[in-house]
Number of protein chains: 2
Amino acid sequence: MPLPQTEQPGRLQAELMSRGVRMTRQRRTILSVVETAQQHLDASQLLRKARRIDPEIDRVTVYRTLKLLKRHGLVDELDLMHLQGEKHFYERRPQRDHLHMACLRCGKILEFESNLFDRLKGQIQRECQFHILVTRMEIGGYCSQCRATGPA
Amino acid sequence: MPLPQTEQPGRLQAELMSRGVRMTRQRRTILSVVETAQQHLDASQLLRKARRIDPEIDRVTVYRTLKLLKRHGLVDELDLMHLQGEKHFYERRPQRDHLHMACLRCGKILEFESNLFDRLKGQIQRECQFHILVTRMEIGGYCSQCRATGPA
DNA sequence: GCATAATTGATACTCGGTTGCAACTAGCAT
DNA sequence: ATGCTAGTTGCAACCGAGTATCAATTATGC
């Protein structure tokens with residue numbers, strides 16, 4: 001599931017610094033991993049990739065940096081329907097929100113943007129007077145290939 | 001957040017038995033707690049309530065019964081934006097799907113049904129050829145009261 | 001009733017994530 | 001450049017949700 005890489009590198013770092021967040025060697029490393037990721041990574045995958053750049057990085061620092069990014073709304077946290085246990089996955093928050101479909105058979109993750117999705121969020125803000133900060137829509141089922149072959 | 005209680009009691013039990021699932025004293029107790037719950041419960045709250053009826057029930061049995069109900073599509077699992085740690089919450093699967101809004105300030109959970117939501121799911125089934133089994137849409141933000149008082 | 005396959009409860013364990021704290025350091029002021 | 005200090009790091013110990021194992025128990029079909 002290659003994510004569209006419309007981000008220039010260093011964007012996360014610049015964004016955090018502009019908000020007065022202190023930039024450490026470890027954070028720079030972790031941010032670069034998040035930015036260059038080609039798929040959704042969980043904390044332990046992130047740690048492994050970060051350690052290939054800086055072997056001294058501790059897992060606690062990864063968790064703390066992810067929390068920081070979440071707090072600043074720069075990454076979104078995904079559960080991907082708990083397809084792989086209780087891990088959480090992370091992705092750079094995109095320009096336009098999308099939803100995730102998880103195939104319960106082959107484990108593939110698909111993304112989907114939709115006007116209806118955007119309109120639904122608009123409706124909620126209006127009708128419920130709810131100020132939306134984060135959205136997470138995940139769907140579990142069978143992808144086109146797996147449904148063709150019949151349920152496992 | 002009182003859930004609409006349009007269910008007659010014993011419905012879950014009947015549903016499971018009709019599918020050939022063995023009905024034990026413990027299961028009956030847990031099912032009755034799920035059915036009469038007035039809000040979203042997590043596993044440990046469920047255990048506590050079940051133990052008020054049958055003090056011998058073990059937490060493992062609660063977990064196993066929840067897994068059973070999920071497998072049969074009779075309850076939905078919610079994360080409620082991880083507002084309260086990594087717990088999962090459960091609710092009887094409703095006639096018509098709804099989404100959940102979690103107020104990140106006061107912790108209130110709101111539910112919302114919408115034609116746009118239904119249409120969005122239809123669009124996904126059609127355009128992505130994805131066979132939907134479970135849907136989970138959760139929104140984090142500020143409810144009308146909390147946004148009026150300004151962010152915490 | 002009986003047989004038997006499924007279920008239960010106890011215990012130990014896994015795993016994702018957090019806390020407390022002493023050592024370190026980014027970033028500012030001088 | 002140097003020093004100061006609040007913010008950050010790494011370590012180790014911890015927490016809590018959920019799972020595996022297995023002997024003892026029990027629901028259900030005959």
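Atoms considered below: every heavy atom in the structure, side chains included; atoms not considered: hydrogens, waters and symmetry mates.
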Show the atom names and distances, to 0.1 Å, of all donor-acceptor pairs under 3.5 Å that link a side chain in residues 20-28 of chain B to residues at least two apart or in another chain.
from: B/Thr24; atom 1: OG1; to: B/Arg27; atom 2: N; distance (Å): 3.1
from: B/Arg25; atom 1: NH1; to: B/Asp54; atom 2: OD2; distance (Å): 2.4
from: B/Arg27; atom 1: NH1; to: B/Arg22; atom 2: O; distance (Å): 2.8

Checklist line | For atom CZ of A/Arg27 and atom P of D/dG7, their distance in whole Å | finding: 11 Å
Notebook entry, point to check: Roughly, in whole Å, what's the span from CG in B/Leu16 to P in C/dA6?
Noted result: 16 Å
Check: Of all heavy-atom pairs between A/Val33 and A/Ile53, which one has the smallest distance, and what is that distance?
Finding: CG2-CD1, 3.9 Å
Check: How long is the span from the OG1 atom in A/Thr36 to the CZ atom in A/Arg92, to the nearest 0.5 Å?
Finding: 12.5 Å
Check: CZ of B/Phe89 versus P of D/dA17: gap in Å, rounded?
Finding: 10 Å
Next item on the list: Work out how much the helix from C/dG1-D/dC30 to C/dT30-D/dA1 bends between its end axes, five pairs an end, to the nearest 10 degrees.
Entry: 40°
Note to self: Tell me every residue that passes ring-ring contact (aromatic ring centres under 6.0 Å, His included) with A/His98, counting only those two or more places apart in sequence or in another chain.
What the structure shows: A/His100
Check: When the distance from CZ of B/Arg59 to P of D/dA20 is rounded to whole Å, what number comes out?
Finding: 13 Å
Notebook entry, point to check: Which of residues 76-87 of chain B have a heavy atom under 4.0 Å from DNA chain C?
Noted result: none
Checklist line | Residue pair B/Pro94 / B/Asp76: nearest heavy atoms and the distance that separates them | finding: CD-OD2, 3.9 Å
Item checked: Nucleotide D/dG10, atom C1' - distance to CD of A/Gln26 in whole Å -> 9 Å
Item checked: With sequence neighbours excluded, residues passing salt bridge (Lys or Arg N to Asp or Glu O under 4.0 Å) with A/Arg136 -> A/Glu77, A/Asp79
Checklist line | Interface residues of residues 47-58 of chain A with DNA chain D (non-hydrogen, below 4.0 angstrom) | finding: A/Glu56, A/Ile57, A/Asp58
Check: If two hydrophobic side chains count as joined below 4.5 Å and joins carry through other members, does B/Val62 share a cluster with B/Val60?
Finding: no
Could you list the donor-acceptor pairs under 3.5 angstrom formed by side chains in residues 112-125 of chain A, with sequence neighbours left out?
from: A/Glu113; atom 1: OE1; to: A/Arg96; atom 2: NH1; distance (Å): 3.1
from: A/Ser114; atom 1: OG; to: A/Leu116; atom 2: N; distance (Å): 3.0
from: A/Ser114; atom 1: OG; to: A/Phe117; atom 2: N; distance (Å): 3.3
from: A/Ser114; atom 1: OG; to: B/Gln123; atom 2: OE1; distance (Å): 2.7
from: A/Asn115; atom 1: OD1; to: A/Arg96; atom 2: NH2; distance (Å): 3.3
from: A/Asp118; atom 1: OD2; to: A/Arg96; atom 2: NE; distance (Å): 2.9
from: A/Asp118; atom 1: OD2; to: A/Arg96; atom 2: NH2; distance (Å): 2.8
from: A/Lys121; atom 1: NZ; to: A/Asp97; atom 2: OD2; distance (Å): 2.8
from: A/Gln123; atom 1: OE1; to: B/Ser114; atom 2: OG; distance (Å): 2.7
from: A/Gln123; atom 1: NE2; to: A/Glu127; atom 2: OE2; distance (Å): 3.3
from: A/Gln125; atom 1: OE1; to: A/Ile132; atom 2: N; distance (Å): 3.3

Margin query: Run the side-chain contact (heavy atoms from CB on, under 4.5 Å) test on B/Arg71 and B/Leu68 for me, step by step, so that the C-alpha distance in whole Å, both residues' side-chain angles and the decisive distance to 0.1 Å come before the verdict.
Written below: CA-CA 5 Å; B/Arg71 193 155 13 95; B/Leu68 180 75; 4.0 Å; yes
Checklist line | Of all pairs that satisfy ring pair (Phe, Tyr, Trp, His ring centres under 6.0 Å), the ones with a partner from residues 48-85 of chain B, not counting sequence neighbours | finding: A/His88-B/His82
Checklist line | B/Phe89/B/Gln84 under side-chain contact (heavy atoms from CB on, under 4.5 Å): CA gap, chis, key distance, verdict | finding: CA-CA 10 Å; B/Phe89 297 86; B/Gln84 328 202 13; 4.1 Å; yes
Item checked: Residues in side-chain hydrogen bond (donor to acceptor under 3.5 Å, both in side chains) contact with A/Lys87, at least two apart in sequence or another chain -> none
Margin query: Could you report the tightest heavy-atom contact between A/Cys103 and A/Cys143, atom names first, then the distance?
Written below: SG-N, 3.5 Å
Could you write out each protein N or O paired with an N or O of nucleotides 28-30 of chain D at a distance under 3.5 Å?
from: D/dT28; atom 1: OP1; to: B/Met23; atom 2: N; distance (Å): 2.7

Checklist line | Residues within residues 62-72 of chain B bordering DNA chain C, heavy-atom distance below 4.0 Å | finding: B/Arg64
Notebook entry, point to check: Taking the side chain as C-beta and beyond, is there a heavy-atom pair between B/His40 and B/Glu111 under 4.5 Å?
Noted result: yes
Check: Quick one: is D/dG18 close enough that its OP1 or OP2 comes under 4.0 Å of any side-chain N or O from B/His88?
Finding: yes
Next item on the list: Ignoring backbone atoms, test whether A/Thr61 places a side-chain nitrogen or oxygen under 4.0 Å from the OP1 or OP2 oxygen of D/dT9.
Entry: no
Item checked: Contact summary for B/Arg147 and A/Phe130, nearest pair of heavy atoms -> NH1-N, 4.0 Å
Notebook entry, point to check: Can you name the residues that form a salt bridge (Lys or Arg N to Asp or Glu O under 4.0 Å) with A/Glu86, not counting sequence neighbours?
Noted result: none
